[in-house]
Amino acid sequence: MSMFSRRQFLGSMGAMGAAAAYPGAWAASATPSGLSTDEVLRLEAQATGFFNPLRLPGTSGLFGVLPVTDFKEVHVVRSEIEVLPGQRTPVLAYAVESGGKKFLNPALLARQGDQMRVKLINRIDQPTVIHWHGLSVDSRNDGNGLHVVAPGQQMDYAFTVQDRSSMYWYHPHAHGFIPRQAYHGLASLLFVEDEDEATLRKELALALGESEIPLVLQDKEFDAQGRLQYAPSAAQSFGGWVGSRMMVNLTERPVLKAGRRIVRFRLLNGSNARSYRLAFLQQGRALGFYLAGSDGGLLAQPVRIDQTFLSPGQRLDVLVDFREAEGGRPVTLASLPFDPMHQEGGHDMAAMDHSQHGAALGAAAPAAMAMEGDARALMRIDLTATEALYDRRMPTRLSSLAAPVELAGTPRRMQLGHDGKGHWTINGGVFDHAAVPLTVQRGARETWLIENAERSMPHPMHLHGFSFRVLERLGSPDQIRPLAGARGLLPQDLGVVDTLQVWPGESVKIAIDFSHPHTGDQDYVFHCHTLEHAEAGMMMRYAVKA
Ligand code: C2O
Ligand code: CU
Ligand code: CU
C-alpha cells in the first residue's frame, strides 16, 4: 500500500469489530464502519463538483436498449465517442444497426427463452470473440477464446437464453487481447427477464433508464487529447492495471437526478482490475439500502446493508429507498477506502506499484493519482421532490431461490498462487491453451474449495458455463469479516454467482451443478476476472464430458 501504510489502515479498521454480525441486521444511517464522519463528508465534498449528466441507456446510440431478437449482426469496430466533454476518444465498440437506428455497445434485452441468432463480424485488426458473461450456453456459443475470430472474419452465434433474470454482460475473450480490448471499450450489458423480474418491476413501478439505472463502473487513464492510455508496466501486467479516472457509464464526475422513491441500481464492475467498496452517503452518514440480487439474479429476499464490495466481473442488484434520505440534499455514491491487499510473496509490493504512480507516465502524470482502495466519490445523486403517488414498499420476497445444498465428501481443491516468475497459477499451473487439467461429468454436483495464498492478491474467480452457489468463507481478512454473517458469507454470497472474490488467506467453498441441456462434450474455462491476472496465467481449461 503506498497511499497509507497497512498498519495505519488496519488500525482504523479495528472499530469495525463492533458492527452487527450478520446480514439483514445492520442499522440504517450510521457512519459506515471504520470511517469517521469527516472522511465521509470529504467524499461528499468531492462530489459537489460533479456536473456531467450520467449517460443512460436510451433508444439508440451508445448503450441504446435493444432486444436480442431485433438484430442479426454485431460489428466489432474502431469508433470515436465523446467520453470527456469536448474531446473525441477513439474506442473499440460493438456496432449494431436495427430498425434504421445505429447502436454502439447496445444494452441487450432478452426474455427467458429468446433465441439469440447473431453474426459477429470482426472489423478490427486483432482477433476477437464475444463472450456472454454469466449465460449458461454451450461452449461453442460461450466465446471462451478457444476459438477466436480473425480480422475480417465472422462467426455465428445461435443459442437459447435460459438463464434466470439478471444483468449479465458481454465482452471480448481472445486470450492475449482481453484486457486491452475491454479497456478500450468492448463491453456492454445483457438483461434477461423472467416472471420474478416482471413482478418486481411492477411492484416497485420501475422503468429502465428512469427509476432503474444500470451503473457500469470503470477506471480509465487519458492523455491530454482525450485518448485512452493503456500501457501497463511489467508490474501492472502482473498485478493489474488501475486507472485514476473514475467512470460510471463512461461518464466522468456524473450526476443523476432521482425521485424520493425506491430506485433500483444495477451495478457492473467493468474495470480491468479495480475493486470498489460501495456505499451511499448523505451528510456524513451511510444510507441503508437493500441488496436484491447478485450476478445470477434475485435473492430470495432483500438484505439490508450499508456497504458492499464489488470486484471485476461481478454485478449487484440494489434497491435504495430515497424516502429514507433527507430531501433537498444530494446523496453520493462512493467507494470507501479499503486495503487492496496487494501483497503477493516473492515480490516487494511497495516497489511493485500497480497504480499510475510509477514511471509509466513520468512527469506527465496527472496530479490526482489513484490507487486501488483509495476513497473516491463515484456519482452524485440529486434528489427531486417526493413522487406524491409513490407508496410502494420494499417487497419481502423476490424469488423462489432455495438455500444451496451441501454435499458430503471432500471438496475439489483449487489453489490460487503464483510461480514467483510473473505468472499467476491455479493448482500450480499456468494457462495452457492446449491443456485440459480438469474433466467433470455432465450432471455432476461438485464442491470446490478455492484457496488463496496468504501472501497474494484478491482474485475474482469466474467460472464459464455454470453459475454456482457459495457455501462458506473461511479465513477472511479483517476488513471482510465484519460484513459477513453465518459461515462467513457476505450478503452477495447468498445469491447465484458466476464470479467470486477470494481474498488473500481465504478459503471459499462453493457448490456447482454441472447439469446442462446441450449435446456433446463441452469445453470451458475457469479464470481470474482481474483481466491482467488471466493474461498472466490465471486461467484453466476444463471439460464437461457428456
Ligand atoms: Cu467475463 Cu471469461 O469472462
Ligand atoms: Cu464469463
Ligand atoms: Cu487474480
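Atom set for the values below is all heavy atoms of this structure, side chains included, hydrogens, waters and symmetry mates excluded. Atoms within a ligand are numbered from 1 in the order they appear, just like the ligands themselves.
With 2.8 Å as the limit, His529 does not count as an N, O or S neighbour of the Cu ion (ligand 2). The distance from atom 2 (Cu) of ligand 1 to the nearest N/O/S atom of His131 is not under 2.8 Å. At least one N, O or S atom of His527 sits under 2.8 Å from atom 2 (Cu) of ligand 1. Within the 2.8 Å limit, His173 places no N, O or S atom next to the Cu ion (ligand 2).
Ring geometry for Phe238 versus His418: interplanar angle over 60°, hence perpendicular rather than tilted (30 to 60°).
Ion pairing between a basic and an acidic side chain is recognised when a charged N comes within 4.0 Å of a carboxylate O; Glu212 and Arg266 show such pairing. A salt bridge is defined here as a Lys NZ or Arg NE, NH1 or NH2 lying under 4.0 Å from an Asp or Glu carboxylate O, and Glu73 with Arg123 fails to meet this definition. A salt bridge is defined here as a Lys NZ or Arg NE, NH1 or NH2 lying under 4.0 Å from an Asp or Glu carboxylate O, and Arg274 with Glu532 fails to meet this definition. Between Arg473 and Asp493, at least one side-chain N (NZ, or NE/NH1/NH2) sits under 4.0 Å from a carboxylate O, which counts as a salt bridge.
His131 contributes atom NE2 as its closest N/O/S atom to the Cu ion (ligand 2). Nearest to atom 2 (Cu) of ligand 1, among the N, O or S atoms that His464 has, is NE2.
Residue Arg117 places its CZ atom among more than 12 non-hydrogen atoms of other residues, nucleotides or ligands, all under 6.0 Å distant.
When NE2 of His529 and ND1 of His133 are joined through atom 1 (Cu) of ligand 1, the resulting angle is 100° to the nearest 10°.
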